2 protein chains.
Amino acid sequence: MAPPPPPTAAERGHEVRQRLLRAGAELITERGWSAVSTRAVAERAEVGQGLVHYHFASLGALLRQAALGAVEALLHELTVLLKAAATPQEALERILSTLDAYSGTDTTSLLFTETYLAATRDEELKSGLARLLTGAREELAGHLRVQRVRQPQETAAVLMAAVDGLMLHRPVSPSLSSAAVGPVLRRLLIGTNSGGETA
Amino acid sequence: MAPPPPPTAAERGHEVRQRLLRAGAELITERGWSAVSTRAVAERAEVGQGLVHYHFASLGALLRQAALGAVEALLHELTVLLKAAATPQEALERILSTLDAYSGTDTTSLLFTETYLAATRDEELKSGLARLLTGAREELAGHLRVQRVRQPQETAAVLMAAVDGLMLHRPVSPSLSSAAVGPVLRRLLIGTNSGGETA
DNA sequence: GTTCGCCTTGGTCAATTGCCCAAGGCGAAC
DNA sequence: GTTCGCCTTGGGCAATTGACCAAGGCGAAC
């Protein structure tokens with residue numbers, strides 16, 4: 001086999017930027033948004049602390065980009081999962097299974113909440129997050145609409161909020177397994193247009 | 001009228017402690033849990049900075065007590081509101097009206113989320129929060145059970161998580177008014193034991 | 001008036017913070 | 001070999017941090 005060509009300086013730089021973003025996302029969930037320091041990010045990424053401000057305008061810019069990137073990746077993953085579902089019940093099953101996977105102490109579930117809170121105090125972050133969430137919500141709403149769930153827009157919004165809320169409550173209330181809350185959440189999807197109720 | 005007696009030193013101390021706690025709760029929502037400093041709390045409470053560590057063992061202890069106190073007060077307020085409701089629908093109406101009142105930029109709604117996140121990293125805070133929430137959830141579940149809602153425990157948990165999630169999403173998605181999500185949330189309460197569905 | 005207990009102040013310390021910068025490394029182009 | 005561009009390092013700075021402390025205020029008890 002031919003040995004891989006040595007990476008150029010620009011390629012190495014790009015790789016370091018990715019490491020910094022990943023380290024930033026990890027530390028946001030571990031310590032909380034406002035407790036992440038430049039030196040901690042650099043150490044986690046195993047680079048000198050000066051690199052943070054070489055690759056990013058500020059620590060805030062790094063955290064913004066790290067958080068939005070992680071949120072976008074997870075939303076994309078969920079959307080793909082959703083597209084393969086035939087019924088709204090099956091879609092819910094898939095969403096709930098991810099709820100079990102993210103136990104509340106993992107890397108990604110707390111990141112959502114941290115990003116929501118940080119968006120309250122950062123206009124740029126708020127608009128970026130709103131863009132991502134609107135896209136995901138419309139994707140989910142379209143899915144629900146095709147399957148004749150009533151008020152698809154509002155149902156999608158409530159469903160996403162409920163899942164986020166459950167993720168938030170889980171570490172404090174470990175009884176919130178998908179098996180426990182699944183039957184209740186399923187009520188959100190009953191009463192389709194093809195069903196009995198018309199009001 | 002008799003002039004009020006001058007407060008004793010102990011009474012003044014107690015009043016200062018209350019001011020510090022209120023300042024701490026305010027600053028948690030404004031800046032985020034880990035961005036609250038002793039000097040900021042002291043300045044907001046209009047006392048010298050040394051008083052913080054005179055009245056509290058540490059800044060963390062102050063924030064814990066401030067957050068748990070605020071959460072307890074709000075949960076108590078909601079519980080009282082709930083007791084006056086005759087039907088689960090009316091109870092939901094009352095909960096939703098509080099959702100409109102707390103717009104997401106107010107003092108108390110973000111405090112819940114901040115406390116949840118901080119509890120992830122503070123065992124003492126977690127157990128205190130779990131105690132308060134279990135009490136409130138059982139209160140709500142009992143209310144739902146009397147009114148023949150199925151799976152009252154799980155429904156109460158999902159309802160509380162959904163409300164918290166909606167509060168969290170609201171600043172980013174201003175369309176989440178109670179009028180928009182109310183009809184959807186109401187589905188969580190349909191299908192009582194006295195209703196038609198039996199499965 | 002003196003003593004006592006509690007509260008209150010502002011100064012101080014070591015540690016940490018975000019950000020900046022001079023200096024150097026290193027492969028590519030020529 | 002030299003130059004160039006990009007990446008990388010570690011030190012340094014001013015500001016802020018949590019915590020501690022000596023000193024003083026002040027009403028109550030005696």
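All values derive from a computational prediction rather than experimental measurement.
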Atom-pair distance (NE2 on A/H14; C1' on D/dT8), nearest Å: 18 Å
Rounding to an integer number of Å, can you tell me how far B/H55 NE2 sits from D/dA19 P? 16 Å
How long is the line joining OH of A/Y54 and C1' of C/dG24, in whole Å? 14 Å
Flag side-chain contact, heavy atom, 4.5 Å: A/D164 against A/L168: no
Under 4.5 Å between side-chain heavy atoms, counting indirect links through other Ile/Leu/Val/Met/Phe/Trp/Tyr residues: same cluster for A/Y54 and A/L62 or not? yes
Does B/E46 come within less than 4.0 Å of B/R19, counting only side-chain N to carboxylate O? no
Decide, yes or no, whether a salt bridge links A/R39 with A/E43 under the criterion of side-chain N to carboxylate O below 4.0 Å. no
Could you tell me whether A/E26 and A/R31 have a side-chain N and a carboxylate O separated by less than 4.0 Å? no
Could you point out which residue of B/T113, B/L110, B/V172 forms a side chain to side chain contact (heavy atoms under 4.5 Å, CB included) with A/Y116? B/V172
Could you state the atom-to-atom distance from NE2 of B/H53 to P of C/dC7 in whole Å? 17 Å
Classify the side chain of A/Q49 and the base of C/dC19 as holding, or not holding, a donor-acceptor pair under 3.5 Å. yes
Sort by first number and list every stem of DNA chain D: at least 3 consecutive Watson-Crick or G-U wobble pairs, both distances under 3.5 Å. C:1-30 with D:1-30
Atom pair distance, as rounded to whole Å: CZ in A/R39 and P in D/dT9: 14 Å
Taking CG from A/L51 and P from D/dG11, how many angstroms apart are they, rounded to a whole number? 15 Å
What is the distance from CD of A/E43 to P of D/dT8, rounded to the nearest Å? 18 Å
